[in-house]
Engineer: 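One structure coming up, written as structure tokens, with questions to follow.
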Amino acid sequence: MRAVRTRRPRPPRPSPELAKAPISPTTRSKPEEDPSPLTLPIKAFKLRLANGPPLASTAKDFKTYSETCASLLRLCRAMSATSTTMPSYAPSSGCLPLVLSLHAHAFRSGLTADRSVASNLLTAYAAFTRAADRDQAFRDCVAADAASSFTYDFMVSEHVKAGDIASARRLFYGMPEKSVVSYTTMVDALMKRGSVRDAVELYERCPLHSVAFFTAMISGFVRNELHKDAFPVFRKMLTCSVRPNVVTLICVIKACVGAGEFDLAMGVVGLAVKCNLFEKSIEVHNSLITLYLRMGDAAAAHRVFDDMEVRDVVSWTALLDVYADLGDLYGARRVLDAMPARNEVSWGTLIARHEQKGDTAEALKLYSQMLADGCRPNISCFSSVLSACATLQDLRGGTRIHANALKMGSSTNLFVSSSLIDMYCKCKQCTYAQRVFNSLPEKNTVCWNSLISGYSWNGKMVEAEGLFNKMPARNSVSWNTMISGYAENRRFGDALNYFYAMLASGHIPGEITLSSVLLACANLCSLEMGRMVHAEIVKLGIEDNIFMGTALSDMYAKSGDLDSSRRVFYQMPEKNNITWTAMVQGLAENGFAEESISLFEDMIENGIAPNEHTFLAILFACSHCGLVEQAIHYFETMQAHGIPPKSKHYTCMVDVLARAGCLPEAEELLMKVSSELDTSSWSSLLSACSTYRNKEIGERAAKKLHELEKDNTAGYVLLSNMYASCGKWKDAAETRILMQGASLKKDAGCSWLQLRGQYHAFFSWKEKHPLSLEIYEILDLLMLELTT
DNA sequence: ATAGGGTTAG
């Protein structure tokens, strides 16, 4: 024990001025008026030590001292909250010596075993974060059989606060009589660590009840996103006639919101009204705002806000979210400006909403404004703003935010690092992403998924597959990532193989899985598999889902089963512009050009906004019917809709004109926009030149094509064809030789079919199918059957 | 024991 400096050189006499005497050297230079009444008891106590009778010599006296000391300590703790602005309030500035002195005295007097003294010493040392002294005091207590239930409860919560759940657990199981307080502490700690199973086990074994205990379970389930599990606890609480309080109510409402159980929520609110629970609680009102918002009743949410007598930042932020949820980001911004005080959550909400709505640039701008406003970004904010950088592929911005996160110590947070991995991958920096991933001390499935998805986004399926095989635990997102990754990289067969593996692993496919699988089916023209997926969708009861319907209708159209495609389309209860576009396109590509055009007109009449893909489909339809006038009309309509034509649209228009024989017009259009076009437009013109035997334009087109792309085999073939069609056999032959000289070969076209899960490809000349001899024999037999 | 915001798949 250290010697305690309790006496100052010149002990002040008790007099009115002395009440204002400085209590420690650090405060001596401070202005005499003290802003807080908190220091007064400490001064009084110091005076008592300085001038009063010697310290207590009996347990009773000592109890008075130690209790005084404990209450002083509570004051110190309250003041230490303001100790950053006022250093003299820091707990070390005078109280600790008092405690040490009291402890020494108690030790000398053999009073450490007094229950009250022991527990006050314990709390005192805990307040000064002197863990070793605290633990010694606890051991003294136990040895002297002076440990009360409170002592144990306190120590359990001390260990929990220090994050030492193992010690807390050991202590808890060693408790002679477990109190409901310790049960509550343990359950809460376990829930916060995500050990839901352990928490539930304790809950089921606990013979005692209290509001806090039940509430801790409810909030624990909510924290772990197991909203539905919270309801039985609430029900049990009511059957045990434990009255819910305000905190319970808040947690239960949150559970209802999370589970989407709004009827139940209204029942709970009714109950709360009956119990008079939410009269003047700001917190309950705040949670009501969010409840009504999630119910889709923005007006009611607003009313709750308006009716509140006192509002805080949370109320205002919830209101901001009401506006944002209605899509009124401008209104949300106005709320932010009108708020009496903003914090990082208010800014973060607005930023997240802009990011979600796709206004990523504005999200980044708001982020800078937030920093300028003096708010420190938190985990959520980093996540959304990094996500914005990912969509913008803004590597510089993303790196800067990475630096900010590093500085704030948030870079190893799993939410932030998942976003970082995603951001670096979207910016084509897989190495950095991998580095972020490697630097993580602990990884969760989301990080793994992010990196896998990042590699597949960059077309690196080998790496993606390697990670997928290595990861310790997979969820359905992991499977979806692989399946859609293969579908995106046009490896449709692999996508289907992963789908089979997913089913075998016992994961239930969801909308996302099935839409990728349908995309694969559509591209493989695998009608059989597509029908199976359709059946699966009906079985899962999600056939009315707009994504499912669109993907199904598209799959049938691409597989050539237009009847089924139409049936799905017309039975859909809800359609969006993508649904309509897919159908228009399906009809166009299958040669139902008139029907495609009339469906497009229906679409416009129904007020569905066409997009660039819709127009591409309709131009395609026109080109196949030779409807030049119509095509020009739609081409102009498109621009009137504010959709700038892209190279594919020009290609299509050139194709329309060229097919109809308007070769000079086609060439003129091409020359006008040539720089933005890809080579296919020139190929298309060249091809038409061979049909219409136009040698002059054809040669110009071929020249242009050659300039743009030296290795384009199609160009040589087309040119050669054109010469052939004009009867210029010599030129045709020379072109072929030229092509071979450039060591180019025409890519072989092929067709394929699926048989018992295996794909068989058929080429026009090379690489004969291994069974081609047999196949042709059968074919001959069939032909014979048919003709006789 | 507590209200407001967040990451990966289409």
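Lettering follows sequence order; numbering is per chain, from 1.
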Engineer: Could you tell me the separation between the CD atom of A/E488 and the C1' atom of B/dG10, rounded to a whole number of Å?
Structural biologist: 8 Å
Engineer: Strictly below 4.0 Å: does A/S387 bring a side-chain N or O up to OP1 or OP2 of B/dT7?
Structural biologist: no
Engineer: Which of the following nucleotides, B/dA3, B/dG10, B/dT8, is nearest to the side chain of A/I250?
Structural biologist: B/dA3
Engineer: Under 3.5 Å, is there a donor on one side chain and an acceptor on the other for A/Y323 and A/H302?
Structural biologist: yes
Engineer: In residues 508-522 of chain A, what residues come within less than 4.0 Å of DNA chain B, judged by heavy atoms?
Structural biologist: A/E511, A/I512
Engineer: Look at the side chain of A/V446 and decide which nucleotide, out of B/dT7, B/dT2, B/dA3, has an atom nearest to it.
Structural biologist: B/dT7
Engineer: Should A/K254 be listed as having a side-chain N or O under 4.0 Å from OP1 or OP2 of B/dA3?
Structural biologist: yes
Engineer: Between B/dG10, B/dT7, B/dG4, which nucleotide gets closest to the side-chain atoms of A/T290?
Structural biologist: B/dG4
Engineer: To the nearest angstrom, how far is A/L386 atom CG from B/dT8 atom P?
Structural biologist: 10 Å
Engineer: CE of A/M308 versus P of B/dG4: gap in Å, rounded?
Structural biologist: 12 Å
Engineer: For a ring-ring contact (aromatic ring centres under 6.0 Å, His included) check, start with the C-alpha distance between A/Y183 and A/F172, then their side-chain angles and the critical distance, and finish with the verdict.
Structural biologist: CA-CA 8 Å; A/Y183 267 108; A/F172 176 75; 5.2 Å; yes
Engineer: Return the value, rounded to whole Å, for the distance between atom CD1 of A/I421 and atom P of B/dT8.
Structural biologist: 11 Å
Engineer: Select base, sugar-phosphate, or nothing to describe what A/T349 touches, counting heavy atoms under 4.0 Å on all strands.
Structural biologist: sugar-phosphate
Engineer: Within 45° of the axis and under 6.0 Å from the centre of the six-membered ring of A/F231, does NZ or CZ of A/K236 qualify?
Structural biologist: no
Engineer: Quick one: label A/T184 by what it contacts on the DNA or RNA (base, sugar-phosphate, nothing), any heavy atom closer than 4.0 Å.
Structural biologist: nothing
Engineer: Is the closest side-chain donor-acceptor distance between A/E355 and A/T360 under 3.5 Å?
Structural biologist: no
Engineer: What is the distance, to the nearest angstrom, from the CG atom on A/N224 to the P atom on B/dA1?
Structural biologist: 16 Å
Engineer: Look at all strands and tell whether A/D312 reaches a base, only sugar-phosphate, or nothing, counting heavy atoms closer than 4.0 Å.
Structural biologist: base
Engineer: Consider the side chain of A/S383, meaning its heavy atoms from C-beta on, and name the nucleotide among B/dG4, B/dT2, B/dT7 that approaches it most closely.
Structural biologist: B/dT7
Engineer: How close or far is atom P of B/dT8 from atom CZ of A/R474, stated in whole angstroms?
Structural biologist: 21 Å
Engineer: Tell me if the CZ atom of A/F305 is crowded by more than 12 foreign heavy atoms within 6.0 Å.
Structural biologist: yes
Engineer: Scan A/R223 against the nucleic acid and name what it touches under 4.0 Å (heavy atoms): base, sugar-phosphate only, or nothing.
Structural biologist: sugar-phosphate
Engineer: Of the listed nucleotides (B/dG10, B/dT8, B/dG6), which one gets closest to any side-chain atom of A/S450?
Structural biologist: B/dT8
Engineer: Separation of A/Y498 atom OH from B/dG10 atom P, in whole Å?
Structural biologist: 16 Å
Engineer: Taking only the side-chain heavy atoms of A/V314 (C-beta and beyond), determine which of B/dA3, B/dA9, B/dT7 contains the nearest atom.
Structural biologist: B/dA3
Engineer: Measure distances between side-chain N and O atoms of A/N343 and base N and O atoms of B/dG4, and say whether any donor-acceptor pair falls under 3.5 Å.
Structural biologist: yes
Engineer: Hey, does A/T215 reach any base, or is it just sugar-phosphate, or nothing, if we go heavy atoms under 4.0 Å?
Structural biologist: base
Engineer: Side chains of residues 459-470 of chain A: which donor-acceptor partners sit under 3.5 Å, not counting sequence neighbours?
Structural biologist:
residue : atom : partner : partner atom : Å
A/E465  : OE1  : A/Y486  : OH           : 2.4
A/E465  : OE2  : A/Y498  : OH           : 3.4
A/N469  : ND2  : A/E465  : O            : 3.2

Engineer: Classify the nucleic acid contact of A/R294 as base, sugar-phosphate or nothing, counting any heavy atom under 4.0 Å across all strands shown.
Structural biologist: sugar-phosphate
Engineer: Among the candidates B/dG10, B/dA1, B/dT7, find the nucleotide nearest to the side-chain atoms of A/E355.
Structural biologist: B/dT7
Engineer: Ignoring hydrogens and geometry, is there a side-chain-to-backbone donor-acceptor pair from A/S419 to A/F415 under 3.5 Å?
Structural biologist: yes
Engineer: Which nucleotide, B/dA1, B/dA9, B/dT7, lies nearest any side-chain atom of A/S418?
Structural biologist: B/dT7
Engineer: Within a radius of less than 6.0 Å around NE2 of A/H507, do more than 12 heavy atoms belonging to other residues, nucleotides or ligands occur?
Structural biologist: yes
Engineer: Under the criteria of a ring-centre distance below 5.5 Å and an interplanar angle below 30°, is A/F213 stacked with the base of B/dA1?
Structural biologist: no
Engineer: Under 4.0 angstrom, heavy atoms only, what part of the nucleic acid is A/A212 near: base, sugar-phosphate, or nothing?
Structural biologist: base
Engineer: Send over the distance from A/I379 CD1 to B/dT7 C1', rounded to a whole Å.
Structural biologist: 11 Å
Engineer: Out of B/dA1, B/dA9, B/dG4, which nucleotide sits closest to the side chain of A/N245?
Structural biologist: B/dA1
Engineer: If you measure only the distance, is there a donor-acceptor pair under 3.5 Å linking the side chains of A/D198 and A/Y203?
Structural biologist: no
